[in-house]
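Position 1 is the first residue of the sequence; numbering continues from there. Keep in mind that the numbers below use all heavy atoms, side chains included, and drop hydrogens, waters and symmetry copies. What you see is a predicted model; the values in this text were computed from it and never measured.
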Amino acid sequence: FFLNINSFFTKRNGLFAGGGDQIQFLKRKVFEQLNGFNEKYVLMEDFELTRRLRKTKFKSCIIQNNATVSTRKYDKNSYLRVNLVNLYVFVLFLFGVSPRKLKKYYSRMIN
């Protein structure tokens with residue numbers, strides 16, 4: 001039930017689109033023009049790439065197909081904990097906290 005709540009938000013092209021349980025497909029040309037993933041990010045790299053993509057002329061969309069993802073993180077930490085930590089780190093990302101600090105905070109809070 002709770003993972004279906006996550007699914008609801010990942011099916012919308014809003015603030016939370018572009019990471020987590022979504023799968024990104026980019027044409028090689030677009031990926032190369034964006035200079036690929038920013039390797040400083042070991043966490044939030046997908047949101048960082050999506051942020052840069054949205055600043056370009058390239059269009060994106062969300063394909064309404066299901067993808068199977070692992071629930072290990074939820075099983076080990078609880079649904080509530082994972083989502084609160086994800087929200088916390090996401091807000092820090094939006095406020096420009098460094099990739100190194102994002103990883104440090106996330107690693108402290110999630111098993």
Exercise for review: Keeping the roles fixed (side chain from Arg81, backbone from Met109), state whether a donor-acceptor pair exists under 3.5 Å.
Suggested key: yes
Review point. Once you round to the nearest 0.5 Å, how far does CZ of Arg28 lie from CD of Glu32?
Key: 5.5 Å
Review point. Does the Asn77 side chain pair with the main chain of Ile110, one donor and one acceptor, at a distance under 3.5 Å?
Key: no
Considering only distance and modelled atom types, tabulate donor-acceptor pairs under 3.5 Å from the side chains of residues 89-106, sequence neighbours left out.
residue	atom	partner	partner atom	Å
Ser98	OG	Lys101	N	3.2
Lys103	NZ	Ser107	OG	3.4
Tyr106	OH	Lys73	NZ	3.1

Point to revise | hydrophobic_cluster_shared for Leu43 and Phe37, side chain cutoff 4.5 Å | key: no
Review point. Are side-chain heavy atoms of Glu45 and Asn38 found at a separation under 4.5 Å?
Key: no
Point to revise | Gln24 CD to Thr50 OG1 distance, which is reported to the nearest 0.5 Å | key: 4.0 Å
Review point. When you look at Phe31 and Leu49, which way does the side chain to side chain contact (heavy atoms under 4.5 Å, CB included) test go after all the steps?
Key: CA-CA 9 Å; Phe31 189 73; Leu49 179 68; 4.2 Å; yes
Review point. Are Tyr41 and Leu26 joined in one hydrophobic group, where the rule is that I, L, V, M, F, W and Y side chains link up if heavy atoms are under 4.5 Å apart?
Key: no
Point to revise | Residues clustering with Leu80 (ILVMFWY side chains joined when closer than 4.5 Å, directly or via others) | key: Leu84
Exercise for review: Would you give the length of the straight line joining atom CZ of Arg51 to atom CG of Leu34, rounded to the nearest 0.5 angstrom?
Suggested key: 13.5 Å
